[in-house]
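Scope of the values below: all heavy atoms of this structure, side chains included, with no hydrogens, waters or symmetry mates.
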Amino acid sequence: QICDMADRDSEDTLLMKVGVVQRSSIAIVALADQLASAQDSGSNDSLNGIKESDAYKALEQTIPSVADIDFSRFLRELETVNEEINEMDQILRA
């Protein structure tokens, strides 16, 4: 009977961890969608509500270091990477 209780506890712990991972994964996708929309709009004003969004708050609960991310800088650097990827793609297609 003690083994059964230990098995249930470990199953509950595993289910809780899976729930956290699923919630974080969904938050990452939602936040990525919000950042893509902000990037498409071309305005930094679009970034103003990012840290108040449910996706950001959910992610911050499991990964507190997300608070250190400068999203404006991130999008600027991402634009540079996109240009490099497009250049490589053109070279490979030639």
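- Ile26 is not connected to Val66 by any chain of hydrophobic side-chain contacts under 4.5 Å among Ile, Leu, Val, Met, Phe, Trp and Tyr, and they are in different clusters.
- Considering every non-hydrogen atom in both Ala55 and Leu31, the closest pair reads CB-N, 3.8 Å.
- Listed by first and then second residue, the side-chain hydrogen bond (donor to acceptor under 3.5 Å, both in side chains) pairs that reach into residues 49-60 are Gln34-Ser53, sequence neighbours excluded.
- Rounding to the nearest 0.5 Å gives a distance of 7.5 Å between CD of Gln90 and CD of Glu87.
- In this structure, Asp68 has no salt bridge (charged side-chain N to carboxylate O under 4.0 Å, His left out) partners at least two apart in sequence or on a different chain.
- Nearest heavy-atom pair, Ala38 versus Leu75, reported as atom, atom and distance to 0.1 Å: CB-CD1, 4.3 Å.
- Under a hydrophobic clustering in which Ile, Leu, Val, Met, Phe, Trp and Tyr are joined whenever their side-chain heavy atoms come within less than 4.5 Å, directly or via other members, Ile69 and Ile63 fall into the same cluster.
- A distance of 6.0 Å separates CZ in Arg76 from CG in Asp70, rounded to the nearest 0.5 Å.
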